Each structure stands twice: as C-alpha cells, then as structure tokens.
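In what follows, a structure is listed as structure tokens, so that the remarks can point back to it.
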Amino acid sequence: MKKYILFLFAAFSANLFAQNLDSLYNAFVSVRSPRQIEGYQVTTEAGHEKCLTGLVNQVKRNFDLFNPKQKIALSSLLSRPSSDTSIVTPSGFFRIHFNKSGVNKPGYDINELATAYDSSYNYEVNILGYPPPPSDNGEGGDNKYDIYVTNLTNGNYGYTEPETDITSERSTSFIVMDNDFAGYFTEGIDAAQVTAAHELHHAIQMGNYIYRANDQYYMEATSTAMEEFVYDSVNDYYGYIH
C-alpha cells in the first residue's frame with residue numbers, strides 16, 4: 001500500500017511539474033510572440049506582470065526541462081530582438097536598438113529615452129554607488145550595455161534578460177522594453193523613464209550580486225524604488241498598489 005501511495009504521489013508531482021512548465025512557457029510566449037507557435041496554442045491569462053524579469057529568469061533557468069518543440073520556440077524568443085537602427089547615449093555607456101518603421105517603431109522620442117538611461121545610471125551608479133552592469137564582451141556589436149525597444153503585449157513594460165553566466169548566480173544581461181506603452185497606467189516617455197530606472201537596477205542586481213528566484217520579491221521592490229528615486233514625479237507604481 002505504501003509503495004502504491006508513493007507511486008501516486010510521484011505521478012501527481014510529475015504531472016503538476018509538467019503543468020507548471022507549460023504555464024511558464026505560455027506566459028512567456030504570450031508576451032514575446034502572441035500567436036500560435038510550433039503547434040502550441042498560446043493562451044493569455046488575465047492580468048499581467050509589469051516587469052517580466054522574474055518570468056524570463058525562470059524560463060532560462062528551467063530551459064533544459066522543456067520539451068523539444070518548446071525549446072525551439074523559446075530559443076528564438078530568448079535571443080536578442082532584431083532592429084534596423086541603434087544610437088549610443090550621450091554618456092557612451094548604453095546602445096539603444098530600435099526600428100524606424102513597423103509595429104516595433106518607438107512611440108516616444110528615442111533621444112529622451114537615451115537621456116533617461118543616462119540619468120538612471122548617474123543616480124544609481126554615481127550617486128548611490130552601485131557598480132555598473134558588467135560588459136557583455138561584444139554582444140550587440142560592442143561592449144556597450146544594450147537596450148532593445150520592441151512591441152511587447154499584455155501591458156508589460158519590459159524585462160532584463162540574463163545572457164552569459166559570470167558565476168552560477170551572476171550574469172551579463174540586456175534590456176528589452178515596450179515601444180510605446182500605449183494604454184498603460186503611465187504612457188509614452190514617462191513610462192519609458194521609470195522603466196529605464198527599474199530595469200537598469202535589475203541589470204546591476206544580476207551582474208554584480210546574487211540573483212535567485214526566491215529573492216524576486218525583494219528584487220522587484222528595490223527596482224521599483226529606483227523609479228521613485230530617479231523619477232519622483234512619475235509615480236507609475238501607484239497604479240499597481242492594491
């Protein structure tokens with residue numbers, strides 16, 4: 001009887017784990033590519049996460065556990081977004097990649113976004129004293145930190161994606177953010193500004209400190225605090241307080 005119970009528990013646990021992987025897969029694909037991919041019908045759940053950094057990290061950390069078809073789709077979506085144009089911010093630290101036309105075209109002034117990233121860097125690194133995100137060793141065309149502006153879905157502002165491991169718990173990264181923030185609680189350049197402050201702090205976290213899934217609450221809390229510190233007048237996070 002004991003063996004039978006253990007067998008049922010193991011089968012239940014395996015089925016629950018598979019369901020969790022499928023939910024994780026659907027959640028990420030619905031944001032990066034809201035259509036049917038590789039024979040999987042993607043479903044979008046109600047509500048959204050403002051920042052997708054935690055979700056992206058879960059996908060990457062569990063990548064080897066997905067089935068072969070899911071891995072093919074995820075490999076494409078986890079790669080850096082394509083773009084036809086890029087600019088370097090005045091500080092010289094960031095390179096912003098974007099498209100001049102089509103659905104991914106920025107709906108705000110890209111030069112103002114460049115200023116937002118430089119301002120965020122100045123406050124978080126030069127004033128607060130955090131170390132800057134580490135170099136990506138030439139990914140994206142050079143050693144500048146890369147930001148990709150593209151059309152996200154479901155009201156998601158952006159995410160910071162880990163790329164190359166430095167240690168088991170630290171990595172290089174790049175940032176992906178929405179191109180217009182249309183229909184969000186905060187829209188346009190105001191939303192882009194607080195996203196810059198927020199995601200840059202994630203890049204600092206995962207590049208210089210321990211970045212673990214069970215610390216996600218604190219990672220988000222401190223990155224949201226950066227929105228308030230750098231852009232006190234925007235107050236986007238007010239829209240997500242119950």
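Here the structure is a predicted model, which is why all the values come from computation and not from measurement.
Placement of I96 and V88 in two distinct hydrophobic clusters is found when ILVMFWY residues are connected by side-chain heavy-atom separations under 4.5 Å, directly or transitively. A continuous path of hydrophobic side-chain contacts links F229 to Y240 [ILVMFWY only; heavy atoms under 4.5 Å]. When hydrophobic clusters are built by joining Ile, Leu, Val, Met, Phe, Trp and Tyr residues whose side-chain heavy atoms come closer than 4.5 Å, directly or via intermediates, I166 is not grouped with I210. Linking ILVMFWY residues whenever their side-chain heavy atoms come closer than 4.5 Å, directly or via other members, leaves Y218 and Y237 in distinct clusters. Both F98 and M177 are members of a single hydrophobic cluster when ILVMFWY side chains are connected at heavy-atom separations under 4.5 Å.
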Checklist line | Pair E228-N235, side-chain contact (heavy atoms from CB on, under 4.5 Å): steps then yes or no | finding: CA-CA 7 Å; E228 179 73 4; N235 297 324; 3.1 Å; yes
Next item on the list: Walk me through it: do N137 and T164 pass the test side-chain contact (heavy atoms from CB on, under 4.5 Å)?
Entry: CA-CA 9 Å; N137 299 312; T164 303; 5.7 Å; no
Next item on the list: Could you walk me through whether Y25 and L74 pass the side-chain contact (heavy atoms from CB on, under 4.5 Å) test, one step at a time?
Entry: CA-CA 8 Å; Y25 172 84; L74 290 174; 3.8 Å; yes
Margin query: Between D180 and D178, is the side-chain contact (heavy atoms from CB on, under 4.5 Å) condition met? List the steps.
Written below: CA-CA 6 Å; D180 58 12; D178 192 57; 3.0 Å; yes
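A side-chain N or O of Y157 and one of D236 form a donor-acceptor pair less than 3.5 Å apart. Between the side chains of Q70 and D22, a donor-acceptor pair is found at a separation under 3.5 Å.
Of all non-hydrogen atoms in D146 and G140, the two that sit nearest each other are OD2-CA, 3.7 Å. Contact between G138 and N143 at its shortest, heavy atoms only, is N-OD1, 2.7 Å. When all heavy atoms of V56 and P162 are compared, the pair lying nearest together is CG1-CD, 4.3 Å. Of all the heavy atoms in I175 and Y117, the pair that sits closest is CG2-OH, 3.5 Å. Across all non-hydrogen atoms, the minimal contact from Y231 to S120 is CE1-OG, 4.1 Å.
Classification of the F94-Y121 ring pair by plane angle, with boundaries at 30° and 60°, yields perpendicular. Classification of the Y145-F93 ring pair by plane angle, with boundaries at 30° and 60°, yields parallel. The aromatic rings of Y130 and Y209 sit perpendicular to each other, their planes meeting at more than 60°, with 30° as the lower class boundary.
Formation of a donor-acceptor pair under 3.5 Å by the N62 side chain with backbone atoms of Q58 is found in this model. The main-chain N or O of G158 is never found under 3.5 Å from a side-chain atom of N156 such that the two would form a donor-acceptor pair. Using modelled atom types, one side-chain atom of R170 and one backbone atom of G207 make a donor-acceptor pair closer than 3.5 Å. A donor-acceptor contact shorter than 3.5 Å links the side chain of N104 to the backbone of N151. Side chain of S76 to main chain of I72: no donor-acceptor pair is present (N/O by atom type, distance under 3.5 Å, no hydrogens or angles).
Note: L77 CG to S79 OG = 7.5 Å, rounded to the nearest 0.5 Å. Atom OG of residue S86 and atom CZ of residue R95 lie 4.0 Å apart, to the nearest 0.5 angstrom. Distance check: D136 CG to S171 OG gives 11.5 Å after rounding to the nearest 0.5 Å. Distance CD1/I87 to CG/L113: 7.5 Å, rounded to 0.5 Å. Taken to the nearest 0.5 Å, the CZ atom of F174 stands 10.0 Å off from the NE2 atom of H97. How far CG of N208 is from CD1 of I204: 7.0 Å, rounded to the nearest 0.5 Å.
Here the rule is side chain to side chain contact (heavy atoms under 4.5 Å, CB included) with T150, and of N179, N99, V176 only V176 fits it.
Two residues are said to be in side-chain contact when any heavy atoms from C-beta on lie closer than 4.5 Å; N57 and M206 meet this criterion.
With salt bridges taken as basic N to acidic carboxylate O contacts below 4.0 Å, one links E163 and R80. Using a 4.0 Å cut-off between charged side-chain N and carboxylate O, K100 and D84 make no salt bridge. The pair D165-R61 meets the salt-bridge criterion, since a charged nitrogen lies less than 4.0 angstrom from a carboxylate oxygen.
Contacts of Y211 classified as side chain to side chain donor-acceptor pair (under 3.5 Å), with partners at least two apart in sequence or in another chain: Q216.
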Show the atom names and distances, to 0.1 Å, of all donor-acceptor pairs under 3.5 Å that link a side chain in residues 190-203 to residues at least two apart or in another chain.
unit_1, atom_1, unit_2, atom_2, d
T195, OG1, A191, O, 2.8
H198, ND1, E227, OE2, 2.7
H198, NE2, H202, NE2, 3.1
H198, NE2, E220, OE1, 3.0
E199, OE1, T53, OG1, 3.1
E199, OE1, T160, N, 3.2
E199, OE1, T160, OG1, 2.7
H202, ND1, Q205, OE1, 2.7
H202, ND1, S223, OG, 3.1
H202, NE2, E220, OE2, 3.0

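Taking a 6.0 Å sphere around NZ of K105, one finds it holds 12 or fewer heavy atoms contributed by other residues, nucleotides or ligands.
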